[in-house]
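Notes to accompany the following structure.
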Amino acid sequence: MSYRILGEGEPVRLFVAGLHGEEWKDTTDILENIDAPEKGTLAVIPLVSKGNYISTLDDSYFTEIGTVIIEAVEELRPDVYIEIHSYSAENLEKLTGAERLQRIGVPAFSRLDHDVLLGSVAPYVRRKYFPQDALCLTFEIQKGNALSKEYATRIIKRMKEFTSRDEFLKCMLERYPKQARKAIEDYRNFYGLSDDEL
C-alpha cells in the first residue's frame, strides 16, 4: 500500500505531493504533517517520486512513475483528489497565461493569494478515473516563496474538510469569485456541458 490513511468513512479524499523532479522539497512535508479530517477519510501520498521530471500532462506519467497514484485511485475511489505541485517564479506567465489552452491543450491556472495557483488535474487521469461529480484539483506553490507555501498549506488543511465539489465551489465563489467562475467555465468546457449543467 503506497498511501497512509487518516480518519475513516465517507467521503474519501486522496492528496498527493512530490510528483516529479525536485517538487518534493517544497510539497512533501505538507502531507507528512497533515491531520485526519473531522469527517471521512484522507489518504495521503507525500512523495510519489524524487526521480526525473515527467509532466503529469504526458500520459506516460501515470503508466510509469505515477502508477502508485492510479493504484490508490482504483483501490480507494476518492470523491476528492488533490495534487500539490511547485513551480519556479519565471514560469508563472506560462502557467497562468490565456494562451495555455491553445499551447498545450489545458486551461490556464488561476492565481490565488501569495502566488498559489489553482487548476485541474491532467485530463488523462480526470477523464479515465473519476466520475464527473468528483472534485479533482491541482495546487501549485511558488518555489522559494515562504508565504506561498504557508498559504497553500492552509488551503490544503481546509481542503481535507470539504465533503463535496459543491461545498468547495460555494466557498471559492465567496473568497475568489473571479477564479471560481473561471474554474466552473473550464470544467463545463472540459466536459462539454451547457451553462445550466455542472
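None of these values were measured; they are calculated from a predicted model.
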Under a 3.5 Å cutoff, is there a donor and acceptor pairing between the side chains of [X] and [Y]?
{"X": "Tyr3", "Y": "Glu75", "value": "yes"}
{"X": "Asp58", "Y": "Ser60", "value": "yes"}
{"X": "Asp113", "Y": "Tyr176", "value": "yes"}
{"X": "Thr163", "Y": "Glu167", "value": "yes"}

Test item: [X] side-chain N/O and [Y] main-chain N/O as donor-acceptor pair under 3.5 Å:
{"X": "Glu161", "Y": "Glu38", "answer": "yes"}
{"X": "Arg100", "Y": "Pro107", "answer": "yes"}
{"X": "Arg158", "Y": "Thr153", "answer": "no"}
{"X": "Asp115", "Y": "Ser148", "answer": "no"}
{"X": "Arg13", "Y": "Val44", "answer": "no"}
{"X": "Thr27", "Y": "Gly18", "answer": "yes"}
{"X": "Asp29", "Y": "Glu32", "answer": "no"}
{"X": "Arg103", "Y": "Lys94", "answer": "yes"}
{"X": "Ser86", "Y": "Gln142", "answer": "no"}
{"X": "Lys160", "Y": "Leu42", "answer": "no"}

Return the [atom1] to [atom2] distance between [X] and [Y], rounded to the nearest 0.5 Å.
{"X": "Tyr53", "Y": "Glu23", "atom1": "OH", "atom2": "CD", "result": "6.0 Å"}
{"X": "Ser120", "Y": "Leu135", "atom1": "OG", "atom2": "CG", "result": "9.5 Å"}
{"X": "Leu118", "Y": "Gln179", "atom1": "CG", "atom2": "CD", "result": "8.5 Å"}
{"X": "Ile34", "Y": "Lys157", "atom1": "CD1", "atom2": "NZ", "result": "7.5 Å"}

Could you check whether atom [atom1] of [X] has more than 12 heavy atoms from other residues, nucleotides or ligands sitting under 6.0 Å from it?
{"X": "Glu90", "atom1": "CD", "answer": "yes"}
{"X": "Lys182", "atom1": "NZ", "answer": "yes"}
{"X": "Asn33", "atom1": "CG", "answer": "yes"}

Under 4.5 Å between side-chain heavy atoms, hopping through other hydrophobics if needed: is there a path connecting [X] to [Y]?
{"X": "Leu14", "Y": "Val48", "answer": "yes"}
{"X": "Leu173", "Y": "Val80", "answer": "yes"}
{"X": "Ile84", "Y": "Leu47", "answer": "no"}

- request: State yes or no: are the ring centers of Tyr61 and His20 separated by less than 6.0 Å?
  value: yes
- request: Indicate the ring-plane relationship of His114 and Tyr151, choosing parallel, tilted or perpendicular according to the 30° and 60° boundaries.
  value: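 Taking Tyr151 first and then His114, their aromatic rings stand perpendicular (interplane angle over 60°).
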message: Between Glu150 and Arg154, does the salt bridge (charged side-chain N to carboxylate O under 4.0 Å, His left out) criterion hold? Intermediate values first, please.
response: CA-CA 6 Å; Glu150 185 185 312; Arg154 291 210 313 267; 3.7 Å; yes
- prompt: Do we get Arg126 above Tyr124's six-membered ring, with its NZ or CZ under 6.0 Å from the centre and within 45° of the axis?
  reply: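 The answer is no; the distance or angle limit is not met.
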